[in-house]
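Written below as structure tokens is the structure these notes are about.
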Amino acid sequence: MSDRLLEKVAELYSGKVYRGAKELRGSLLVVEGPFSAAYGEVVRILDADGRERVGRVLETGIGYALVEVLGEVEGLSTDVAIKFTGSTFKVRVSEDVLGRMFNGRFEPIDGMPPIVRGELRGIEGAPINPVAREYPRDFVQTGVSAIDGMLSLVRGQKLPIFSVSGLPHNRLAAQIARQATVRGEGESFAVVFAGIGLRREEAEFFIEQFRELGALDRMVVVLNLAEDPVVERLMAPRIALTIAEYLAFDLGMHVLTIMTDMTNYCEALREISAARGEVPGRLGYPGYMYSDLATIYERAGMIKGRRGSLTLLPILTMPGGDLRHPIPDLTGYITEGQVILSQELHARGIYPPVNVLPSLSRLMKSGIGPGRTREDHPYVADQLYDAYSRGVRARDLARIVGEMNLSERMRLYLKFADAFESEFLSQGFYENRSVEETLDRAWKVLSILPEEELVRIPQRIIEKYHPKYR
Amino acid sequence: MGEGRRGVVAKVSGPIVVAKGVEGVELGEVVYVGEERLLGEVVRVSAESFTIQVYEDTEGLRPGEPVEATGRLLTAELGPGLLAAVFDGIQRPLSEVAKVSGPFVRRGVRVNALPRNARWHFKPLARKGAKLSPGDVFGVVQETPLVEHRLMVPFDVSGRVREVAPEGDYTVEDPVLTLESGGRLVELTLKQEWPVRQPRPHAGALPLTEPLITGQRVIDAFFPVAKGGAVAIPGGFGTGKTVTLHKIAMHSDSRIVVYVGCGERGNEIAEMLEEFSKLTDPATGRPILERSVIIANTSNMPVSAREASIYMGITIAEYYRDQGYDVTLIADSTSRWAEAIREAASRLGEIPVEEGYPAYLADSIARFYERAGRVRALGSPERVGSVTILGAVSPPGGDFSEPVTVYTLRFVGGMWALDTELAYRRHFPAINWIRSFSQYADTLEGWWSKNVSPDFPQYRRRALRLLALASEVESIASVVGESALPDEQRLVLLASEILKEGFLRQTAMRGEDVFCKPEKQYWLLKLMIDFFERAYELVKRRVPVEEIARIPEIYEMQRVKEDERGLEAVKELYGRVMGRLEELAGKYGLRAGGSA
Ligand SMILES: Nc1ncnc2c1ncn2[C@@H]1O[C@H](COP(=O)(O)OP(=O)(O)O)[C@@H](O)[C@H]1O
Ligand SMILES: [Mg+2]
């Protein structure tokens, strides 16, 4: 070990320090010595050049520990000094985090000093006790017809956007963050933004959006850029959620957490799993990816007797646009629905290009209807799904047999599908529609169909809301 | 504490801990690990050390910390206090956990499965001097207004009654009966234990002859499950596994429901608790929570406890079966359980054979489903009970050829195959009527003939035939267009559309149609099939299909299931539909009832 390193050690670390690792394998260090490290303990690692890195104990035995180095391993050798910190990875939370920006190690990147006030919390969080959960049912008006009308979001829900590179998922998320309100309550959301493996422009787009809103003081940014260390992609969403949980369940705020791009997260997980030499699962992703993602997504929710809520809006890009790819597939199994964007609709100039048929909001049913939105809402949504799916089938059929050979009924459905896309689905980036306007537009397009086709809407509701009777 | 044998932690890697320093450790033995006494189970034993799967988060655990081997297997605590409770995978009551650790589950919380301070009103049924054998009912406790809890002599005890406590209030720890057995005195309390991985014995399996009435038409009429049977419900995400199983848990005619939320969402448990507290049993007006046991090991809770949760659930189900009840065990989702098995195997370095699963996956699935059945219980008085297993399967990418789905289908008697296309159209329940099957259907037709109508089986078969035919016609139509089809085929499409919308589709959310009684199911089927067959005769005899498509009752047939007048509305509509067809026959100069 070099003298320089020894000096540095003396300067930085007090107490016991271990020198020299037995082996360095990828990002894993094997350290031996007369210690017993705690599983998950944070380790400080100083290399011969005096550069400090952070690591985490992945496996611990009597007289040895396997340490995973967080961050860059380039330039690292076995000539290192290692200090066990005695604790697991924690972040400090207090109101001071509001308005701040951090990297994936919770270091400030806004030129301001680190957070010194507040409680230290482990970033893994603890599972919400299922019996302590308050079932979410407060309708959030996003002002976007596709979502409010057919995929309603409620406070405390985890609802991801499944997209493909090049589609306007970031715009849609920004529009939602800008417009989201709970009807009857003036209160707006605090936003926690986790950027995972993002390109700088993408990150700047979001920050610019919030600046425009004047919402920067109600916002916390945790940013891991594409050029930042891969391991920190796993930490960024957990840091963001630890902060979001604090704001929601300690301070009672309504928090909207946007996480993008979860595909980068999953790829980091795969890369690190491979480095650990674990048995790969489907397409090389580790077998525990479902459980791992669940420890992130399940942190959304509401808690009985607490005021706040944690709503989660993750964004992911489906590799190859394939919904069956393990990333969207496992996500869909965990989240409370999914909003799927379509290349085809986008190519036809429709914004937001939401393909409503495979999309779903599982919590919609309890957030809409009389007293929440409007009594016709559940029926209208059901009928829109039915009619639009028929319209799309008619369109496909027309491509094969020609529109002329469609039955008259099918031709009407085709006409419906066109109107649905242009008058209901499409809207502007700055267009904020009330849920009443959304439902009225739905009725307008439904009225293209003869009344007998509206089998999913009770007669009483038809007579009250159908344009013909109004 | 600490009457167990003590050793030390040698290595920690996630939930897998290697320990040493204890002699004679056995596989499956329960071990407390570390200063915080985290619960674990021995999964491997070697000469110097043994490996423990820990059921709680091990972050912060260090080599050198103590372990304590208990000499006991992982057991379920059985007795009054199970109903209306929510447990995690290792039977900690979650509301008690919340009292200790707040809204987040912290680890190392030790609470008893059954409350120790609750007093239950015990009524003895055994008399002093009587000879009791394993399984004999020696007393009862009204556990909830809905369920009488029958206290049984544990399976490893028999003997003469030396003392019986008088009727009165006791806790689960108070002795209520003393047996003299081979010179030894054994005190029985209201609770007993059973190792969860072992099936509870019984006096013999019985044939499955009675359906579990779910109130879901597509299930009861087409793909029924017998009480004591086992059915898998596979489907991609969002196809309706959970909603279907919740509705069955709520409305089916089983006496006890054990619901295992295994690696799924926390909000679904919250929702279920709300719904089960609100929905009341029609006979007594009591909330159905009082006949339910919920086990919740959600996706973010420790994976190893998820593996245990399924066994915990089935053991509790068997215990109520032995009391003489029809029990439904619901597992949502068995795929998450299989994944927990995979994760443990992989951490132990076992050789993966298929998609990472160990070679014993098929065996584990088989042994789980084999615990379904209808049986005569051990002991007297004579009791017959059943455990019906309904297991959700979550195939990756919705692909049914993956190992968990494939093996499961080998060991169940039925499948409700959920269909993504139907779900996209919001046709719920999205049970595919071509791919699904039930091996119980043939035997259960007997029940329907006897209890509903002798011609039910015929209608069932005709309806299934119509649907199969329609699916062929649809594929032709997708090539040539519907307008190019002959009238008979267009009628097939029309009639199948009515059947799909008016019979198969059943919204779970509101109103009259949430539960459909068998008799109404029969009448709806009769309405649609008789309509189709009579109309078919007319079309064959040159009545244009457009004429038939125009009759206003077509719309009504699709809606009548929701009519609040129930069965009456269906019967009334039946009359009108048949009348309308006769009118048409008259208009075209065809004699009424003429044969085709
Ligand atoms: N029987 C049903 N009636 C009405 N809607 C249903 C029904 N089954 C499923 N759904 C809809 O589909 C969504 C997903 O169903 P769910 O059972 O949660 O799917 P899975 O468990 O297969 O992922 C529900 O939130 C609901 O909107
Ligand atoms: Mg589900």
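These numbers were taken from a predicted model, which means no experiment stands behind them.
Look at A/Arg390 and B/Glu497 and you find a salt bridge, because one of the NZ, NE, NH1 or NH2 atoms lies within 4.0 Å of a carboxylate O, short of that distance. Between A/Arg409 and B/Glu482 there is no salt bridge, since no side-chain N of the basic residue sits under 4.0 Å from a carboxylate O of the acidic one. Ion pairing between a basic and an acidic side chain is recognised when a charged N comes within 4.0 Å of a carboxylate O; A/Arg456 and B/Glu501 show such pairing. A salt bridge does not link A/Arg282 with B/Glu402: none of the charged nitrogens is closer than 4.0 Å to a carboxylate oxygen.
For B/Ala484, no part sits under 4.5 Å from any heavy atom of chain A, backbone or side chain. Within the 4.5 angstrom heavy-atom criterion, only side-chain atoms of A/Ala132, from C-beta onward, approach chain B. When heavy atoms are compared at a cutoff of 4.5 Å, B/Val12 approaches chain A by way of both its backbone and its side chain. For chain B, no part of A/Tyr297 is nearby; none of its heavy atoms comes within less than 4.5 Å. Contact annotation for A/Glu124: only side-chain heavy atoms (C-beta onward) come within less than 4.5 Å of a heavy atom of chain B. Using a 4.5 Å cut-off between heavy atoms, A/Phe249 contacts chain B through its side chain alone, with no backbone atom that close. With a threshold of 4.5 angstrom between heavy atoms, A/Glu452 approaches chain B through its backbone and through its side chain. Contacts of B/Arg490 with chain A are absent, with no heavy-atom separation under 4.5 Å from either backbone or side chain. Contacts between A/Ser87 and chain B at a heavy-atom distance below 4.5 Å are absent for every atom of the residue. Interface remark: B/Val9 contributes backbone atoms only to the contact with chain A (heavy atom separation under 4.5 Å). Heavy-atom distances place the side chain of B/Pro352, and not its backbone, under 4.5 Å from chain A. Of the atoms belonging to A/Leu454, it is backbone heavy atoms, and not side-chain ones, that fall under 4.5 Å from chain B. Heavy-atom distances place no part of B/Pro93 under 4.5 Å from chain A, backbone and side chain included. At a 4.5 Å heavy-atom cutoff, the contact between A/Ile128 and chain B is made by backbone and side-chain atoms alike. Heavy atoms of A/Tyr290 lying under 4.5 Å from chain B belong exclusively to its side chain. When heavy atoms are compared at a cutoff of 4.5 Å, A/Val356 approaches chain B solely by way of its backbone atoms N, CA, C and O. Looking at A/Glu245, the atoms closer than 4.5 Å to chain B (heavy atoms on both sides) all sit in the side chain, from C-beta outward.
The greatest number of non-hydrogen atom pairs below 4.5 Å with chain B, out of A/Pro358, A/Ser359, A/Ala387, is found for A/Pro358. Comparing A/Val392, A/Val279, A/Thr88 by heavy-atom pairs within less than 4.5 Å of chain B, the highest count is held by A/Thr88. Residue with the most contacts toward chain A among B/Gln558, B/Arg306, B/Arg107: B/Arg306 (heavy-atom pairs, distance under 4.5 Å). When each of B/Gly397, B/Gly60, B/Gly481 is scored by its heavy-atom pairs under 4.5 Å with chain A, the top score falls to B/Gly397. Heavy-atom pairs under 4.5 Å with chain A were tallied for B/Thr58, B/Ile269, B/Leu273; the largest tally goes to B/Thr58. Among the candidates B/Ser346, B/Gly356, B/Gly238, the residue making the largest number of heavy-atom pairs closer than 4.5 Å to chain A is B/Gly238. Taking B/Arg342, B/Glu355, B/Arg347 one by one and counting their heavy-atom pairs under 4.5 Å with chain A, the maximum is reached by B/Arg342. Between chain B and the options A/Gln459, A/Glu453, A/Arg393, heavy-atom pairs under 4.5 Å are most frequent for A/Arg393. Chosen from B/Ala98, B/Ser478, B/Pro396, the residue pairing most often with chain A at heavy-atom distances under 4.5 Å is B/Pro396. Ranking A/Met410, A/Lys304, A/Glu134, A/Arg306 against chain B, the residue ahead of the rest is A/Arg306, based on heavy-atom pairs under 4.5 Å. Taking A/Ile296, A/Val455, A/Thr295 one by one and counting their heavy-atom pairs under 4.5 Å with chain B, the maximum is reached by A/Val455. With chain B as partner, the option from A/Ser407, A/Gly301, A/Pro136 having the largest number of non-hydrogen pairs under 4.5 angstrom is A/Pro136.
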With salt bridge (Lys or Arg N to Asp or Glu O under 4.0 Å) as the test, would you mind laying out the steps for A/Glu59 and B/Lys11 before giving the verdict?
CA-CA 7 Å; A/Glu59 184 179 306; B/Lys11 179 178 144 185; 3.5 Å; yes
Assess the residue pair B/Asn267 and A/Tyr135 against the criterion (side chain to side chain contact (heavy atoms under 4.5 Å, CB included)); give the C-alpha distance rounded to whole Å, side-chain angles, the decisive distance to 0.1 Å, and a yes or no.
CA-CA 6 Å; B/Asn267 275 333; A/Tyr135 189 69; 4.3 Å; yes
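B/Glu274 is listed as a side-chain neighbour of A/Arg137, based on a closest heavy-atom distance under 4.5 Å. You'll find the side chain of B/Pro103 stays beyond 4.5 Å of the side chain of A/Asn129, heavy atoms only.
For residues 325-338 of chain A, the interface with chain B (any heavy-atom pair closer than 4.5 Å) comprises A/Pro328, A/Asp329, A/Gly332, A/Tyr333, A/Ile334, A/Thr335, A/Glu336, A/Gln338, sorted by residue number. Heavy-atom neighbours of chain B within the stretch residues 360-368 of chain A, taken at a separation under 4.5 angstrom, comprise A/Leu360, A/Arg362, A/Leu363, A/Lys365.
Among all heavy-atom pairs drawn from B/Glu343 and A/Ser291, the shortest one is OE1-OG, 3.6 Å. Scanning all heavy atoms of the two residues, the minimum distance from A/Ser36 to B/Arg62 falls at O-NH1, 2.8 Å. Scanning both residues, A/Leu397 and B/Ala477, for their nearest heavy atoms gives CD1-O, 3.8 Å. Across every non-hydrogen atom of B/Arg106 and A/Ala126, the tightest pair is NH1-CB, 3.6 Å. When all heavy atoms of A/Val131 and B/Leu94 are compared, the pair lying nearest together is CG2-O, 3.7 Å. When all heavy atoms of A/Ile62 and B/Pro63 are compared, the closest pair comes out as CG1-CB, 3.7 Å.
The main-chain N or O of B/Arg425 is never found under 3.5 Å from a side-chain atom of A/Ser389 such that the two would form a donor-acceptor pair. At distances below 3.5 Å, at least one donor-acceptor pair connects side-chain atoms of B/Ser483 with backbone N or O atoms of A/Asn405. Proximity of a side-chain donor or acceptor of B/Arg426 to a complementary backbone N or O of A/Asp382 within less than 3.5 Å is not detected. Although no hydrogens or angles enter the test, the distance criterion places no donor-acceptor pair under 3.5 Å between the side chain of B/Tyr555 and the main chain of A/Glu451. Of the possible donor and acceptor atoms, one in the side chain of B/Arg559 sits under 3.5 Å from a partner among the backbone N and O of A/Ile457. No donor-acceptor pair closer than 3.5 Å links the side chain of B/Glu339 to the backbone N or O of A/Gly287.
Distance check, rounded to the nearest 0.5 Å: OH of B/Tyr424 to CG of A/Asn355 gives 8.5 Å. Once rounded to the nearest 0.5 Å, the distance linking OG1 of B/Thr298 with CD of A/Glu298 reads 5.5 Å. Taking OH of A/Tyr379 as the start and OG1 of B/Thr507 as the end, the distance is 9.0 Å to the nearest 0.5 Å. With rounding to the nearest 0.5 angstrom, the OH atom of A/Tyr39 is 10.5 Å from the CG atom of B/Leu61.
Atom CG of A/Leu283 is surrounded by more than 12 heavy atoms from other residues, nucleotides or ligands within 6.0 Å. Within 6.0 Å of atom CD in B/Glu564, 12 or fewer heavy atoms from other residues, nucleotides or ligands are found, so the atom counts as exposed in its surroundings.
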